[in-house]
> 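One structure, as structure tokens, below. Some questions next.
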Amino acid sequence: MDAPDILSPEFAADPYPHYAVLRDHFPLLWHEATQTYLVSRYEDVAKALKEAGNRNYEWQLEPVHGRTIIQMDGREHATKRALVTPSFRGRELATKFVPVIERTAAGLIEPLSGVDDLVSRFSTRYPVGVIVGMLGLPPQDEHLFQRWYTSVVAFISNLAQDPAVIEAGARTRDELAAYMIPIVEARRADPGDDLLSTLCTAEIDGVRMTSEEIKAFVSMLLAAGGETTDKAITCLVRNLLTHPDQLAAVRSDPELLDRAFAETLRHDSVVQMVMRQPETDLELSGGTVPAGGTVTCLIASANRDPSRFTDPDAFDLFRPDLDMTRAYTAGANHTAFALGRHFCVGAQLARAEVRIGVTMLLDRFPGLRLMEEPHDAGVFTRAPEKLLLAFE
């Protein structure tokens, strides 16, 4: 039996049967084209996410973002993460930024009518609009951030190393820096009540973020905060509309939306894979990854591993083996937000955006329905590129 190739057209068409082959027969596989070790079983992916570091981001992300907190380790990572975390959870998220989320969602949903594409009209615009609003930046500049967002995501997803995508990513890095650095310096001198001002003034033990670090964080927020929420909303709406009984349950009890989102993260991992780099030899069920090697953690495969989830290919928001008490924390038993110390800092923000946006959609359009069968696309990230709906 030949091992599946994650860069093949067959894999891109539907990766999930190929993930099963990898789990069963090639749990640790050297992939020559990407120069990484593919890891596909839940137990191995979880171990790599928790124990391996992020030094790979020096070459994978730094060329487009600059140096970000997700590639830091130890005390530096803990301190810089502590500077930004409060804005993305708890009281500060609820009081300062939920109103921004509500305004952005309402402004995009209000003009929807007839038959239209949810992806282009709402999903891709909504999280970028939220980020621009949270940062306190001019709404008229949102189109710039939409373009930069598209370029950054393409760079990160560029497994085939297309030189045109690399060049566009470098250009975006320079354009974003030229735009953001003067604004950061102005906010530092005259802070307001926005996220950018908070990042400029936050301090722990005399440590503050530099202007370059803030710019890099904004770039990372565009990619990580935009891409995951964008595609998660599309997948969640698709899943509910194709499971009428579960849609009816959510309509009758909106609190179930959190369960539906968590199950979507498991069933349709928006980010299909992430890379890690262990500092010491990493012992896994399929063998050993040497220190300094790059591991491609196939988190979508882990989330469909039958050793961890019963009937894993079924979408079921009521499934008993999805731990909802920790679904949006570093202790989650799905791997969509990563695990351990590098758990996604924006998980609660994404949860709030999805809950607010999808609730507004369902309330506004009680007759919402699919007009054509959607088709997922993408290898590094994956979701329908188009979701044609009747907004009734």
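What's counted below: heavy atoms across the whole structure, side chains too, no hydrogens, waters or symmetry copies.
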> Show every salt bridge (charged side-chain N to carboxylate O under 4.0 Å, His left out) that has at least one partner inside residues 280-294, sequence neighbours left out.
none
> Should side-chain heavy atoms under 4.5 Å link Ile, Leu, Val, Met, Phe, Trp and Tyr, which residues sit in the same cluster as V115?
M371, L388
> With sequence neighbours excluded, give me every salt bridge (charged side-chain N to carboxylate O under 4.0 Å, His left out) pair touching residues 260-275.
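For residues 260-275: R238-D268, E263-R266, E263-R319.
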> Restricting to side chain to side chain contact (heavy atoms under 4.5 Å, CB included), what partner residues turn up for A300, sequence neighbours left out?
Y16, Y19, S269, Q272
> Holding to salt bridge (charged side-chain N to carboxylate O under 4.0 Å, His left out), I want the full list of residues that pass it with D313, two or more places apart in sequence or in another chain.
R304
> Go through the structure and list residues passing salt bridge (charged side-chain N to carboxylate O under 4.0 Å, His left out) with R251, not counting sequence neighbours.
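Scan of R251 (salt bridge (charged side-chain N to carboxylate O under 4.0 Å, His left out), adjacent residues dropped) gives none.
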> Under the rule for side chain to side chain contact (heavy atoms under 4.5 Å, CB included), what residues qualify as partners of A383, not counting sequence neighbours?
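Here the qualifying residues are K231, C235.
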> Identify, with sequence neighbours excluded, every residue that meets salt bridge (charged side-chain N to carboxylate O under 4.0 Å, His left out) alongside D193.
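Testing D193 for salt bridge (charged side-chain N to carboxylate O under 4.0 Å, His left out), a comparison that skips the adjacent residues, returns K96.
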> Which residues satisfy the salt bridge (charged side-chain N to carboxylate O under 4.0 Å, His left out) test with R308, sequence neighbours excluded?
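Partners of R308 by the salt bridge (charged side-chain N to carboxylate O under 4.0 Å, His left out) criterion come out as none, since no residue qualifies.
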> Identify, with sequence neighbours excluded, every residue that meets side-chain hydrogen bond (donor to acceptor under 3.5 Å, both in side chains) alongside D24.
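So D24 forms no side-chain hydrogen bond (donor to acceptor under 3.5 Å, both in side chains) with any residue.
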> Taking salt bridge (charged side-chain N to carboxylate O under 4.0 Å, His left out) as the cut-off, I'd like each qualifying pair that reaches into residues 104-129, sequence neighbours left out, listed once.
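Every pair satisfying salt bridge (charged side-chain N to carboxylate O under 4.0 Å, His left out) with a residue in residues 104-129: D116-R121.
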> Which pairs pass salt bridge (charged side-chain N to carboxylate O under 4.0 Å, His left out) with one or both residues in residues 383-392, sequence neighbours excluded?
R369-E392
